[in-house]
Amino acid sequence: MKRILIPASGAVLATGLLAAGLAGTAQATSDVASDPMAKNAAVAQSIAQYWAESNGAALRAATASNIWDSKDVAKLKSTGGYSADTKPGVVAPIGEEKKTATKSQNVNMPKTIGKVFFVNSKGERKWCSATSIQSRYRNLVSTAGHCVYDTAGNADTMSKWVFVPGYYQGKAPFGIYVGKQAFTHYDFDVYEDFDRDYAFVTVYNGIKIDASKASQVTKSEFEKHVGPKWVDEKTITRDEWVAGVEKYGVNGPFQSKAVDPKVETVAKPADAAKHIEDYILGKGPTAGVQLTGVEVVKSVYTNAGKGLDNGNQFERLSTKLPISAEEYAELNKAKADGKFLGELTVDLDNNKQPKAWYKQQFFIKKWIKTSEQFRYWVETYYVQDVKAADAGRLGDAVGGQGFAYNQPTGKYVRVFGYPAAAHPDGHKNFTGITPKWCYGKTTAKTVGSAAKKIEEHIALKCSMTEGADGGPWLLKYSNAKRLGYVNGVTSTFNDQDGNDRVDYISSPYFDGETNTVYKAAANVWSGKIVG
């Protein structure tokens, strides 16, 4: 067992306390640190939709966590090592609470494993490996602490954190489980002590999102829609554009834009006032010119003559139109968001009650040569119909591994994860698409790291690279039942023989303090997102 000590000077010291008499020295108020994630069901649903939209595009765009520098993997060495702080203990997996395991020679991947996805402080979409684990409300995920807490950004937790069991190529066969509350050891949360690089996260009930149906809508319906939406553009001829503008108006779906941004302005024709609509369509009696414009705020419109109109080459146009009270309210919100640049006014009756509402817009239009290259297109607007359904509790959907702590080294474990990164020599034999496994006896050799305060890790001979971090180390794994006991999580990647290839991985030692963190998380309810 190790404690982070805070001496009177305020410096942080890492020390292995093997003497029983020192076991209680300088303990934190609690070994358990907890931080909220998605604070309510509405926020959780928006996070799930973020990952599910466009057929899981965000999930597919995520890359493996890269907290470890592949060019700087360490060698294992003997350090002070771990020390068990209480008697060994286990918690049975879901469904095996009162059953005896049977022997089997089959090698099967556990249903409980998957990937956790999150957005780090740099705005990057990342993922790690993880597993469902036994808990009172069947709602708990086990992974590495650095896959939950943003140590690089010095933030509490990663944003948009979700667990996707059975993940494959953007698919979430059992649903998306959004993190509600994260638990880790106080020393990792506060001091980033990687001897405590583990975390347990309670998740809401899973949510299955069907975003496969899309509907074509009008431009106004498109602008009002809240949720996934997109615009398809089709290139058209100038004549098609003119006909479209004549039918739908200049604010409709028919669009044009000068390809060359250095459009030359010309003097405003004398009869512009008579033929302004013709000029908008490029059909004016003065050949070779066309009128284009942009909406501006009133102050820009008012000051347009002060050097901006470049010798009367700009047309200023103001429109004031009556609108409904409902449209007035919507435009008022749009104005606050900077989406409406005009002015809003209200006429009052004798009782000072609103009786009429108006909007006034200001435009600056310029005359340009029609010989300039233009692009013409028509827009088609689509919105996506998103339907969300409850996928139930995580443990009910995929089961949950048991939990073991204070176990001696030298026992066989199976380690699962989604390795993806290249070895230090550049060799990349893992894709991160499918889960892989390692099997062997744990060793008391640890990787010493002053920067990450590592003194008590245990190790396993295994060539999995980053992406596998957070994956479970399962003791007494039954291949037939696909169940075992989580007795560690992959934390570091190491090169023992010096050939620039990862050949050992390591995990924090799960002791009685780990059990304290686990029990705190395992008894917290989370609830549903929908339904």
Side-chain angles (χ1 to χ4, degrees), residues 53-54 57 214-297 300-301 304 308-321 327 330-331 334 337-342 359-384:
E53 284 173 5
S54 302
S215 302
Q216 184 177 337
V217 296
T218 65
K219 187 175 183 180
S220 60
E221 290 172 330
F222 175 85
E223 292 171 344
K224 292 178 181 178
H225 180 75
V226 177
K229 56 185 179 180
W230 64 93
V231 179
D232 280 349
E233 296 181 0
K234 178 185 176 183
T235 300
I236 57 176
T237 66
R238 174 179 168 78
D239 289 341
E240 289 173 323
W241 173 79
V242 169
V245 173
E246 286 180 330
K247 181 176 181 180
Y248 295 100
V250 293
N251 293 320
F254 287 81
Q255 307 291 323
S256 68
K257 183 178 181 181
V259 176
D260 184 355
K262 297 178 181 178
V263 177
E264 182 183 353
T265 58
V266 298
K268 184 178 69 174
D271 57 353
K274 296 180 182 179
H275 303 284
I276 189 167
E277 290 300 324
D278 285 341
Y279 281 112
I280 289 175
L281 300 177
K283 301 191 301 183
T286 304
V289 295
Q290 181 182 349
L291 183 62
T292 64
V294 63
E295 184 180 358
V296 296
V297 295
V300 173
Y301 169 84
L308 184 63
D309 64 358
N310 192 24
N312 204 28
Q313 292 177 357
F314 286 82
E315 177 79 15
R316 279 180 286 168
L317 177 67
S318 173
T319 62
K320 186 173 183 179
L321 299 172
E327 187 177 0
E330 289 184 9
L331 289 175
D337 295 334
K339 297 178 180 179
F340 176 71
L341 304 180
K359 69 174 181 179
Q360 186 173 12
Q361 293 173 274
F362 308 94
F363 301 90
I364 295 179
K365 296 181 178 290
K366 66 179 179 179
W367 304 87
I368 63 170
K369 288 184 178 180
T370 57
S371 58
E372 297 292 339
Q373 293 297 312
F374 269 77
R375 175 179 171 245
Y376 302 95
W377 73 94
V378 61
E379 296 179 339
T380 305
Y381 307 99
Y382 295 93
V383 299
Q384 200 164 46

Side chain to side chain donor-acceptor pair (under 3.5 Å) against Q361, all qualifying residues, sequence neighbours excluded:
E295
E233: which residues meet the salt bridge (charged side-chain N to carboxylate O under 4.0 Å, His left out) condition with it, sequence neighbours left out?
R375
K234: which residues meet the side chain to side chain contact (heavy atoms under 4.5 Å, CB included) condition with it, sequence neighbours left out?
V378
Not counting sequence neighbours, which residues clear side chain to side chain contact (heavy atoms under 4.5 Å, CB included) with A334? List them please.
K339, F340
Set of residues satisfying side chain to side chain donor-acceptor pair (under 3.5 Å) with respect to T319, sequence neighbours excluded
none
Once you round to the nearest 0.5 Å, how far does CH2 of W377 lie from CH2 of W241?
10.5 Å
Which residues pass the ring pair (Phe, Tyr, Trp, His ring centres under 6.0 Å) test with Y381, sequence neighbours left out?
F222
Grab the two heavy atoms, one from Y376 and one from R238, that are nearest each other, plus how far apart they are.
OH-NH1, 3.0 Å
What residues form a side chain to side chain donor-acceptor pair (under 3.5 Å) with T218, not counting sequence neighbours?
S220, E221
For Y382, check side chain to side chain contact (heavy atoms under 4.5 Å, CB included) against everything at least two apart and list the hits.
Q216, W230, D232, T380
Who passes side chain to side chain donor-acceptor pair (under 3.5 Å) against E327, sequence neighbours left out?
none
Value rounded to 0.5 Å, distance of CD in E379 from CD in Q255:
4.5 Å
Nearest 0.5 Å, what's the CZ-OG distance between F362 and S318?
4.5 Å
